[in-house]
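Report on the following structure.
Note that the structure is a prediction, hence the values are computed from the model and not measured.
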Amino acid sequence: MEASARLLTSTAICFHRRNLPLSSLPLLNCNNPRRLISLSLAKCSLRSTTPFPSSPNPFSSPLSRISPSPPEAISPNSSLNSFEGSSIQWDQPNFSLSNTKGSVFSHKDSVFTVVLLGWLGAKQKHLKRYADMYNLRGIQSVRFVVPPTELLGFDLGSIIEEKVKNLAHEIADWCSVNETDGRERHLLFHTFSNTGWLAYGVILDSLKSREDIIRKIRGCIVDSGPCAEISPEVWAAGFCAAFLKKRTVLQPPAESPDNSNLKGSIVRNYQSDTKPSIGEMVLLSLLTKFFEVLLRCPDVNRRLSKYISVLSENQPHCPQLYLYSSADKVIPPRYVEEFIAHQKALGRSVYAHNFGLSPHVDHFRSYPHLYTAKVEEFLKLCSTAMVS
C-alpha cells in the first residue's frame, strides 16, 4: 500500500506539472495508509499557498441575503459562514431580470430555492452558470462544491460529510418558516455526477426525521448520474477526471456553442473513441487499485451503502429528471438507465433525456438551449404536481 501511495503521489504531481523534484517531497514513511493517501492527494492538488481560495462575501449572513426573514428563521449559530466561498455560496435572484422572463411557477404564495450540489472538482464559477439559469426564472439558489482532496474525507468520514450535514440543517432552518409576506418556502435539488448525488443522499438522511421539510422538496434533477453501485472503476474515473481536468479523454474540453437547437444536434467535434495518454492510463490504473481497497473498508462501505439505499428506496415523492449521455466515460449510461428503471418500478414520477455525445457533466455547455428547455419543462411539471 505504501509503495502504491508513493507512486500515486509522484504520478499525480507529474500530471499537475508542478515541476517539483521528488527529492523535495518529505519521506512518506507513514504507518497509516489512509493518512498516507490523504497526504499524497493533498500534495498533488496544491496549486498555490491557498489551495481553495475564498471569494469574499459582503453579506454578513448568506441566509439573510436570500430574503428579509424573521430573526427566528436564521440560526444564531449559523455554520455556513465558516466555509463561505470555498464550499458554499448563497445566491439571490435578480428580480428585475426574472420578472421580464416570468417565473415557471404559477404559485404566487410560494418561493423556491434550488440546491446545486456540484461534481467532484467543480468550482463556484462553474455552478454559477446554473444558478444564473434559475435566477432568470425567479428561483434563488445555494451552490455547494467539493474539492477533490476533501472528497477523500467524505469517504473516510471526514470534513465533507459534516459540511453536507451542516448544510442540511441550515436548509431546514430556512425552510421551516415562511417569508415575511406569508409565502411558503420550497426546495428543488440539482445534483451533478455521483459526488453531488451522494451529497443529496446525506441531506435526505440528515432530514429523515423532518417530514415537514421532506414534503417541501418539489423536484430533483440529476445531471450525469447516478451509479448506484460501489464501483472502484467509477470512483477512479471520477478522480482521474477531476485531477487531470481538461487533459483527459474522460472529460474533453467543451465549447459553448450558441447555435445548439432543440433537436439536439451535435455541434462539436468529439471523438468517442479517442485514446487516453499513457500517463492517464497509469493514473487511472493506480486509482482503480486504490479504490478497490478503500471501498472494501467496512466503515466506508457501510456509510456509502446507507446513502445509496436512501437514494434508491426512500427519495421524496416528487418528480425526478435524469440528464445523461451515451458518451459519458465516467458514469456509463447503463448505470443511469438501470436506476431510472428501478425508480419507475417503485412508482416514482421519472423523466430523462439522453444528450447523445456530450461528455460527463458537460451537457449544458454542449447544448445550452436544449438543456435549459429540458430544465424549464421539468420545472413546469413540478409546478403541476404541486397543484395535484
Quick one: does S305's side chain get under 4.5 Å of I230's, heavy atoms only? yes

For S326, side chain to side chain donor-acceptor pair (under 3.5 Å) partners two or more places apart: N354

Non-neighbouring partners of F364 that pass ring pair (Phe, Tyr, Trp, His ring centres under 6.0 Å), sequence neighbours left out: Y130, Y371

Run S224 and F192 through side chain to side chain contact (heavy atoms under 4.5 Å, CB included) and show every step you take. CA-CA 6 Å; S224 301; F192 300 87; over 6 Å; no

For R183 and D181, the nearest pair of non-hydrogen atoms, with its separation, is NE-OD2, 2.9 Å

Answer yes or no: is there a side-chain heavy-atom contact under 4.5 Å between D328 and V336? no

K289: what forms a salt bridge (charged side-chain N to carboxylate O under 4.0 Å, His left out) with it, not counting sequence neighbours? none

With side chains defined as the heavy atoms from C-beta onward, is the minimum distance between I214 and R210 less than 4.5 Å? no

Taken in chain and number order and not counting sequence neighbours, the residues that satisfy side chain to side chain donor-acceptor pair (under 3.5 Å) with Y200 are none

S383 versus L379: any side-chain heavy-atom pair under 4.5 Å? no

With side chain to side chain contact (heavy atoms under 4.5 Å, CB included) as the criterion, how do H190 and L127 come out once you've worked through the C-alpha distance, each side chain's angles and the decisive distance to 0.1 Å? CA-CA 10 Å; H190 193 142; L127 293 188; over 6 Å; no

Please check this pair: side chain of S285 against backbone of M281, looking for a donor-acceptor N/O pair closer than 3.5 Å. no

Nearest heavy-atom contact between W197 and I308 is CZ3-CG1, 4.3 Å

Do you know the tightest heavy-atom contact between P316 and I217? CG-CD1, 4.0 Å

Would you tabulate the side-chain donor-acceptor contacts of residues 345-352 under 3.5 Å, counting partners in other chains and residues two or more places apart, or write 'none'?
from	atom 1	to	atom 2	distance (Å)
R348	NH1	H317	ND1	3.4
R348	NH2	E313	O	3.4
R348	NH2	Q315	O	3.2
S349	OG	Y351	OH	3.4

Less than 4.0 Å between a side-chain N and a carboxylate O, is that true for D212 and K216? no

L304 side, atom CG; D299 side, atom CG - distance, nearest 0.5 Å: 9.5 Å

What residues, two or more places apart in sequence or in another chain, satisfy salt bridge (charged side-chain N to carboxylate O under 4.0 Å, His left out) together with R129? none

Validation row: L116, Y134 side chains within 4.5 angstrom (heavy atoms): yes

Starting at CG of D205, measure out to OG of S309 and round the result to the nearest 0.5 Å. 9.5 Å

Does the side chain of F144 come within less than 4.5 Å of V115's, by heavy atoms? no

Rounded to the nearest 0.5 Å, what separation is found between the CG atom of L198 and the CD1 atom of I203? 11.5 Å

Just by distance, no angles: are the side chains of S110 and E184 close enough, under 3.5 Å, to form a donor-acceptor pair? no

List the residues meeting side chain to side chain contact (heavy atoms under 4.5 Å, CB included) with S231, not counting sequence neighbours, and say none if there are none. C227, E233, V234, Y335

Carefully, step by step, assess K123 and V145 under the rule side chain to side chain contact (heavy atoms under 4.5 Å, CB included). CA-CA 6 Å; K123 298 181 179 179; V145 297; 5.6 Å; no

Which pair of non-hydrogen atoms, one from A131 and one from S141, has the smallest distance, and what is that distance? CB-OG, 3.4 Å

Report the residues that fulfil salt bridge (charged side-chain N to carboxylate O under 4.0 Å, His left out) with K344, sequence neighbours left out, ordered by chain and then residue number. none

To the nearest 0.5 Å, how far apart are CD1 in I331 and CD in E229? 11.5 Å

Taking all non-hydrogen atoms of both residues, which atom of F378 and which atom of P319 are closest, and how far apart? CZ-O, 3.3 Å

In chain order, what residues pass the ring pair (Phe, Tyr, Trp, His ring centres under 6.0 Å) check against H169, with sequence neighbours excluded? none

H363: partners by ring pair (Phe, Tyr, Trp, His ring centres under 6.0 Å), with sequence neighbours left out: F355

Which pair of heavy atoms, one from C382 and one from G219, lies closest together, and at what distance? SG-CA, 3.9 Å

R334: which residues meet the side chain to side chain donor-acceptor pair (under 3.5 Å) condition with it, sequence neighbours left out? none

Salt bridge flag under 4.0 Å for residues K165 and E161: yes

Near-ring test F239/F291, centroid separation under 6.0 angstrom: yes

With a 4.5 Å heavy-atom cut-off, do D223 and W119 have their side chains touching? no

So, taking the atom named CD1 in I139 and the one named CG in L187, what distance separates them when rounded to the nearest 0.5 Å? 11.5 Å

NE2 of H186 to OG1 of T113: how many Å apart, nearest 0.5 Å? 11.0 Å

For residues D91 and R143, determine if any side-chain heavy atom of one lies less than 4.5 Å from a side-chain heavy atom of the other. yes

Before giving the answer on side chain to side chain contact (heavy atoms under 4.5 Å, CB included), spell out for L294 and V300 the whole-Å C-alpha distance, their side-chain angles and the decisive distance to 0.1 Å. CA-CA 7 Å; L294 180 64; V300 174; 4.3 Å; yes

Using the side chain to side chain donor-acceptor pair (under 3.5 Å) criterion, which residues pair with D132? Sequence neighbours excluded. K128

